[in-house]
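Notes follow once the structure below has been shown.
Read the numbers this way: they start at 1 and go in the same order the structure lists the ligands and their atoms. All values below come from the heavy atoms of this structure, side chains included, with hydrogens, waters and symmetry mates left out.
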Amino acid sequence: MIFLITFFAIVIISLVFQFRKSSRLPPGPLSLPLIGNIHQLVYQVWQRKGIAAALDHYRKIYGNAFTIWLGPIPSVSITDFETSHEVFVKNGKKCADRQIAPIFEHITGGFGLLSANGEGWAEMRRFTLLAFRRLGVGSNQIERRIMAELNGRCSELDLEITQNGRAIVSVDFFDLTVGSVINSLLVGKRFEEDTKDDYLTLKHLFDASAETFSLFDLSVPVWFLKWFFPSRFQMTCDVRQKILNHVAKEAVDRQRRLESGEYEINSEDPKDFVDVFLDKIKEENKIKKDSNPSYTMESLKYMLVDLWLAGQGTTSTTLYAGFMKLVQHPEIIQKIREELLEVTEGKRDLKLEDRRNTPYLNATIAEIQRHASILNVNFWRINNEKISFGGYEVEPGALIAAQLGAFHVREDTFENPNEFNPDKFLKNEQLIQQLIPFGIGKRSCVGEQIAKSELYLVFGNLILRYDMKADGPIPTNGDFYPYSSARLPDTSGKMQFTKF
Ligand code: HEM
């Protein structure tokens with residue numbers, strides 16, 4: 001009897017505590033002590049066949065901001081633009097830290113951008129944006145890099161068309177084009193015929209690392225993985241080390257040549273990110289006593305991996321998914337082409353400066369990004385100060401995220417969200433400002449300018465140059481891993497390109 005009374009007393013006290021902790025937070029399903037809402041979340045994700053759909057379900061019940069308790073930690077999801085702006089821009093400083101998966105913290109040691117926080121992250125972010133500017137991002141220098149790569153790839157397509165009357169284009173085409181642009185920006189090398197194997201090794205390693213990017217791997221503590229899944233843990237560490245060595249080998253070699261006097265950096269006209277970084281290491285070394293500890297070879301290696309990792313798959317997936325949509329809508333391709341022929345008079349390539357005169361292409365790219373919405377769950381931030389918004393209060397230590405995937409499928413913002421139709425962005429010109437595929441606030445994408453330039457130039461110029469249609473069935477599987485944080489489409493689709 002005493003045992004039963006004690007048990008019920010503990011349950012009631014725990015429920016009261018849980019209720020009090022939740023009372024100022026945005027609403028959400030009734031949570032239990034210790035497990036929070038994990039059981040309901042798992043059920044909804046399973047029943048609705050995906051994380052974004054489950055979050056959309058909660059949004060419909062509880063509104064634009066809602067709380068799901070992940071065990072003892074509250075996670076606040078925000079699914080509209082205005083509240084995201086209020087929290088991540090107006091209160092940006094309070095939630096600049098990212099919640100870093102224990103396994104990532106373990107393998108990066110706080111280096112890089114994706115899995116770093118604090119002063120080290122802030123310094124690297126400032127440096128990266130400055131380095132990108134020095135390398136011509138935002139000017140027509142980046143346009144030249146992208147077009148050089150695209151022209152190289154198109155000459156291969158043209159040869160295939162001359163030989164076979166058509167070229168078969170698969171996801172590899174976009175992977176290689178985007179991979180080459182980023183490689184040339186980071187380490188000054190494109191992937192050419194003789195270096196394609198290099199690229200394939202890297203792609204294979206990145207694919208292998210994506211396998212260990214499930215919510216499970218990202219949530220459990222390192223000791224748990226080490227003890228209960230030692231081979232999986234080892235695989236994650238080994239793959240990461242191989243990626244690090246592979247991506248950084250050019251930087252290590254250049255550092256060696258720099259020290260031996262075989263190589264010199266032209267500070268006025270750096271060739272790539274490695275040049276800018278090595279130059280900065282040299283500058284910091286001169287200061288000695290007060291030099292910034294962020295500028296080391298180790299730090300450069302992790303920066304290269306993060307920029308490669310974040311910049312390659314995202315852009316390539318968007319291009320592939322976009323073309324898969326377009327070949328199912330030849331009328332949209334036709335309308336884009338008419339617009340582009342008017343702007344270029346059919347005599348020249350499409351340029352970034354044409355963007356203001358191509359509203360239909362701009363709307364199509366926005367619709368592609370909305371549909372591709374590459375993250376099912378956005379990276380969580382941790383607030384380190386209390387954040388108040390819309391009458392709610394989120395105490396420090398909560399997880400908080402703008403859920404881009406759930407936001408991009410809202411039917412009250414994007415009419416008929418399942419339908420692929422760029423017209424929605426033309427009917428309401430403000431809508432394009434509300435789309436946030438690159439995230440919002442202090443941790444938003446550092447590669448946004450590069451990605452936007454690539455998407456515009458590749459979509460536009462390929463449509464200007466080629467007629468395209470599906471080669472075989474278009475995969476209709478939707479999201480290949482609906483339970484993973486990142487959205488990955490089935491990439492088995494192919495297209496036939498012929499000369500326009
Ligand atoms: C279509 C292409 C791309 C999309 C949709 C995309 C999207 C995103 C998103 C949603 C985030 C997280 C924002 C947040 O936490 O709120 C992010 C972060 C990031 N992206 Fe991108 N990205 C793309 C291309 C690129 C490129 C080309 C690069 C590099 C050259 C890049 C580098 C990064 C980095 C380093 C971060 C972490 C920034 C930080 O933590 O400070 N991304 N991106």
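Looking at S299 and F277, their side chains come closer than 4.5 Å, going by heavy atoms from C-beta outward. Contact of the Y456 side chain with the T358 side chain is registered, since non-hydrogen atoms from C-beta on lie closer than 4.5 Å.
A search for ring pair (Phe, Tyr, Trp, His ring centres under 6.0 Å) contacts involving Y320 returns nothing, not counting sequence neighbours.
With respect to atom 15 (O) of ligand 1, the closest heavy atom belonging to the protein is R98 NH2, 2.8 Å. The protein non-hydrogen atom at the shortest distance from atom 1 (C) of ligand 1 is T318 OG1, 3.6 Å. Protein heavy atom in closest approach to atom 36 (C) of ligand 1: L114 CD2, 3.7 Å. With hydrogens left out, the protein atom closest to atom 13 (C) of ligand 1 is R443 O, 3.3 Å, a heavy atom. The shortest contact between atom 7 (C) of ligand 1 and any protein heavy atom is with P437 O, 3.5 Å.
Annotation: protein N, O or S atoms under 2.8 Å of atom 21 (Fe) of ligand 1 (waters excluded) comprise C445 SG.
Taking the six-membered ring wherever Trp is involved, the centroid distance between the rings of F127 and F273 falls below 6.0 Å. Ring to ring, F407 and F414 are close: their centroids are under 6.0 angstrom apart.
Using modelled atom types and a 3.5 Å distance limit, the side chains of H408 and R370 yield no donor-acceptor pair. A donor atom on one side chain and an acceptor atom on the other are not found under 3.5 Å apart for N245 and K242. For T83 and N64, the side-chain atoms include no donor-acceptor pair closer than 3.5 Å. Donor-acceptor pairing under 3.5 Å is lacking for the side chains of N140 and R145. No side-chain N or O of Y295 forms a donor-acceptor pair with one of E283 less than 3.5 Å apart.
A cation-pi arrangement is not found for R126 relative to W121, the charged atom failing to lie both closer than 6.0 Å to the ring centre and inside a 45° cone about the ring normal.
Heavy atoms of D306 come nearer than 4.0 angstrom to ligand 1 in no pair at all.
With a 4.0 Å heavy-atom cut-off, ligand 1 is reached by the side chain of I182 but not by its N, CA, C or O. For W121, every heavy-atom contact with ligand 1 shorter than 4.0 Å involves the side chain, none the backbone. Looking at R125 against ligand 1, only its side chain comes within 4.0 Å, counting heavy atoms. With a 4.0 Å heavy-atom cut-off, ligand 1 is reached by no atom of L185.
Distance check, rounded to the nearest 0.5 Å: CG of N117 to CD1 of I382 gives 7.0 Å.
Salt bridge status for R59 with D56: present, with a side-chain N to carboxylate O gap under 4.0 Å.
Considering backbone and side-chain N/O atoms, Q369 never comes within less than 3.5 Å of an N/O atom of ligand 1.
Those atoms of ligand 1 that come under 4.0 Å of a heavy atom in T315, given as number and element, are 1 (C), 2 (C), 24 (C), 27 (C). Using a 4.0 Å cut-off to heavy atoms of F379, the atoms of ligand 1 that qualify are 12 (C), 15 (O). For ligand 1, the atoms sitting less than 4.0 Å from at least one non-hydrogen atom of L404 are 10 (C), numbered in the order shown with element in parentheses. For ligand 1 and R381, the ligand atoms under 4.0 Å from any heavy atom of the residue are 14 (C), 15 (O), 16 (O). For ligand 1, the atoms lying closer than 4.0 Å to a non-hydrogen atom of L113 are 35 (C), 40 (O).
The one candidate from S77, P26, S75 that meets the side chain to side chain contact (heavy atoms under 4.5 Å, CB included) condition with T67 is P26.
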